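For reference, the structure is listed below as structure tokens.
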Amino acid sequence: MEIAPELIEEISERKVPSTGLPDLEVGEGEKVVLRFAPNPNGPATIGSVRGIVVNAEYARRHNGEFVLRFDDTDPKTKPPMLEAYLWYLEDCEYLGAVPDRVVYASDRIPKYYEYAEKLILLGKAYVCFCKRDEFKRYKDAGVACPHRAADVGTNLECWKRMLNREYAEGEAVLRIKTDVGHRDPALRDWAAFRIVETPHPRPEIGDRFGVWPLLDFESAVEDHLLGITHIIRGKDLMDSELRQRYVYDYLGWQYPKTLHWGRMKIHEFGKFSTSAISRAIADGTYTGWDDPRVPTLRALRRRGITAVAIRKFMIDLGVGETDISLSLDNLYAINRKVIDPVSNRYFFVWDPVAVEIRDAAPMVATPKRHPDRDDLREIPAGSRVFLCGEDIEGLKPGDRLRLKNLYDIEIVDTESPTPTVKRIGTAAQEWCTIEEKPRYRIIHWVPDMQDGYLRVVVRAPDRAYEGVGEASIASELGNTVQFERFGFVRIDSVDAENRLVVAYFAHR
RNA sequence: GCUCCGAUAGUGUAGCUCGGCCAAUCAUGCGGGGCUCUCAAUCCCGUGACUCGGGUUCAAAUCCCGAUCGGAGCACCA
């Protein structure tokens with residue numbers, strides 16, 4: 001029997017497992033332009049990170065352009081935070097997603113006015129004077145409000161008055177005509193502009209404008225002006241697309257291709273909102289936007305979660321419309337692979353207990369800085385050490401342990417305020433280089449002697465760990481290290497004067 | 001109430017467009033073992049899923065209908 005081999009190959013190719021992002025539908029010779037458009041009313045959260053990473057990644061793959069657009073058109077309800085503009089830029093850079101272009105919507109308000117006027121002239125937009133609940137009643141009933149019937153001249157006139165600040169906040173909005181009887185109430189005559197008297201936080205904008213566009217309008221116009229070819233965002237904005245398409249149809253524009261991802265819920269963070277975090281920072285619950293408990297990129301950065309790991313994590317999620325609920329453990333697993341080979345090892349004793357060693361002789365332990373390498377660190381040891389409370393808890397006289405890279409000990413007394421152990425072993429010179437297999441549980445330790453240790457605080461999402469660490473940790477400022485039997489941390493600050501180190505916990 | 005979207009192992013994901021190669025991919029987690037002076041890393045082995053019910057078809061994870069469950073929108077927020 002004859003089988004065409006090329007046919008079989010072609011069929012088999014289809015089922016090759018793939019991972020990550022689905023392919024983009026790109027026209028012949030089309031240059032892709034993608035954007036991420038946050039409201040900088042707070043720093044980038046883990047949700048924003050998905051938008052940055054995925055859009056930038058597509059731009060990179062297709063040799064296209066990545067635009068960062070600040071949709072900062074709400075000076076009142078969710079006013080932009082001035083520092084957050086900078087933070088977004090920093091965060092993008094950290095993620096290796098430096099935008100090819102940065103746009104501030106608040107700089108381009110007059111542009112939006114132009115298109116508003118065009119739509120009014122086309123008879124596709126009208127100034128509505130209904131109160132909110134009044135309009136809602138019309139909308140729910142599927143009937144036009146009285147202002148919808150106004151002629152183009154009247155609408156133009158009223159629009160000019162809006163711009164001239166002749167109306168008060170709440171008195172008038174500009175609506176886009178869709179279909180008042182549309183079966184989906186979410187799509188019926190939506191508001192495109194409203195009056196906001198609150199000045200914009202950006203000093204260069206301030207109170208220059210009294211009429212501000214809403215997302216659907218601003219985004220619709222901007223996406224067209226910026227030549228966005230593909231919009232990739234959460235599926236909560238699917239209706240937005242449907243609303244915006246009316247504007248595109250009226251103006252004869254072509255809507256970008258869209259891709260939506262489902263809701264992402266992170267176990268560790270649960271439900272959160274930027275404003276709720278903001279309040280918690282204000283009342284002192286959190287220390288700031290980079291508190292290790294907060295779901296921002298700034299916090300992850302401070303904890304030593306690398307950009308490569310974050311990017312891989314986000315890209316592996318793909319762009320499915322399924323709602324997902326996942327744990328950061330996946331991110332940690334990726335990050336561990338990244339930092340493990342480059343993170344030096346140190347002893348950190350949490351919840352420390354000082355212990356007296358009988359028959360101890362002064363000496364220096366020399367553990368490896370990293371198990372894969374041969375360079376050593378030096379830890380002087382005297383007659384007192386700190387051990388983790390949990391390591392000696394429940395031990396009885398006669399129980400034995402090995403102090404890692406030092407020698408074996410036997411418990412003598414755990415009752416007194418300073419527990420006592422005694423050194424067991426053979427010749428002193430062999431203590432540092434015990435070759436035989438350890439017979440007892442191996443624990444780590446920190447010398448309790450003058451200048452022999454640092455006070456260390458590890459700030460973790462669940463709690464702060466206070467303890468002591470070996471002195472050479474001081475040389476690792478800014479680096480990620482592994483505290484043996486504890487986990488990976490980033491050394492956040494070193495106060496040499498007071499021999500105090502603050503570290504941020506990354507993960508186990 | 002109206003509308004839209006989704007459903008593959010504990011979690012995430014591939015496969016679904018164009019039905020057969022799927023007794024279903026990969027990662028993570030979990031269990032067991034090797035190595036190791038860290039409860040890490042690493043290596044080996046194992047574990048575990050197509051939401052349910054109908055239909056179409058020689059053949060369904062894949063197509064159709066219904067149900068159930070989950071999520072979202074119906075703001076003068078983004």
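Quick caveat: nothing in here was measured; it's all calculated off a predicted structure. To find a chain, count down the sequence lines: A is the first, B the second, and so on, and within it residues start at 1.
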Contact class for [X] vs. all strands (heavy atom < 4.0 Å): base, sugar-phosphate, or nothing?
X	result
Arg336(A)	sugar-phosphate
Arg263(A)	sugar-phosphate
Lys337(A)	sugar-phosphate
Ser325(A)	sugar-phosphate
Gly170(A)	base
Cys130(A)	base
Glu321(A)	sugar-phosphate
Asp391(A)	base
Lys139(A)	sugar-phosphate
Leu317(A)	sugar-phosphate
Phe486(A)	nothing
Arg175(A)	sugar-phosphate

Protein-nucleotide distance ([X], atom [atom1]; [N], atom [atom2]), rounded to Å:
X	N	atom1	atom2	result
Leu214(A)	rC74(B)	CG	P	12 Å
Ile442(A)	rU36(B)	CD1	P	11 Å
Glu484(A)	rC37(B)	CD	P	12 Å
Lys136(A)	rG73(B)	NZ	P	14 Å
His182(A)	rU3(B)	NE2	C1'	9 Å
Met314(A)	rU28(B)	CE	P	18 Å
Ile334(A)	rU11(B)	CD1	P	18 Å
Asp323(A)	rU13(B)	CG	P	10 Å

Test item: [X] side-chain N/O and [Y] main-chain N/O as donor-acceptor pair under 3.5 Å:
X	Y	value
Asn155(A)	Val127(A)	yes
Lys235(A)	His260(A)	no
His200(A)	Asp72(A)	yes

Candidate nucleotides [options], ranked by approach to the side chain of [X] - the nearest:
X	options	answer
Asp340(A)	rC2(B), rU38(B), rA41(B)	rA41(B)
Thr322(A)	rC74(B), rG6(B), rG12(B)	rG6(B)
Ala333(A)	rA78(B), rG12(B), rU28(B)	rU28(B)
Arg243(A)	rC76(B), rU8(B), rG73(B)	rG73(B)
Asp184(A)	rU3(B), rC39(B), rU8(B)	rU3(B)
Arg508(A)	rG12(B), rC39(B), rU38(B)	rC39(B)
Arg194(A)	rC77(B), rA72(B), rU3(B)	rC77(B)
Gln482(A)	rC76(B), rA78(B), rU38(B)	rU38(B)
Asn330(A)	rC4(B), rU11(B), rC74(B)	rU11(B)
Asn405(A)	rG1(B), rC39(B), rC37(B)	rC37(B)

Classify the ring geometry between [X] and [Y] as parallel (under 30°), tilted (30 to 60°) or perpendicular (over 60°).
X	Y	result
Phe70(A)	Tyr88(A)	perpendicular
Phe483(A)	Phe486(A)	tilted
Trp190(A)	Phe217(A)	tilted
Phe347(A)	His444(A)	tilted
Phe129(A)	His147(A)	perpendicular

Of Lys235(A) and Phe135(A), whose closest RNA chain B nucleotide lies nearer the 5' terminus?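 It is Lys235(A) whose nearest nucleotide is closer to the 5' end.
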Contact nearer the 5' end of RNA chain B, comparing Arg345(A) with Arg188(A):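 In this pair, the answer is Arg188(A).
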Would one find a side-chain N or O of Thr73(A) under 4.0 angstrom from OP1 or OP2 of rA78(B)?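 It does, given that an N or O in the side chain of Thr73(A) lies less than 4.0 Å from OP1 or OP2 of rA78(B).
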Polar pair under 3.5 Å, donor/acceptor by atom type, side chain Arg183(A), base rU3(B):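 It does not, because no donor-acceptor pair links the side chain of Arg183(A) to the base of rU3(B) below 3.5 Å.
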Any donor-acceptor N/O pair under 3.5 Å between rG73(B) base and Asp236(A) side chain: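 By the distance-only test, no, there is no pair.
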In Watson-Crick or G-U wobble terms, both distances under 3.5 Å, what is the partner of [N]?
N	answer
rG53(B)	rC65(B)
rC37(B)	none
rU47(B)	rG29(B)
rG20(B)	rC58(B)
rA75(B)	none
rU13(B)	none

In whole Å, measure the gap between the [atom1] atoms of [N] and [M] for me.
N	M	atom1	answer
rU56(B)	rC69(B)	C1'	26 Å
rA7(B)	rC50(B)	C1'	10 Å
rG73(B)	rA78(B)	P	14 Å
rG66(B)	rC44(B)	P	49 Å
rG19(B)	rU62(B)	P	12 Å
rC16(B)	rA61(B)	P	14 Å
rC4(B)	rG54(B)	C1'	25 Å
rC26(B)	rG33(B)	P	25 Å

Given side chains that start at C-beta, do those of Leu68(A) and Cys92(A) come closer than 4.5 Å, heavy atoms only?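 Yes, at least one pair of side-chain atoms sits under 4.5 Å.
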Just checking, Arg303(A) and Tyr332(A): is the charged tip under 6.0 Å from the six-membered ring centre and within 45° of the axis?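 No, Arg303(A) does not lie over the aromatic ring of Tyr332(A).
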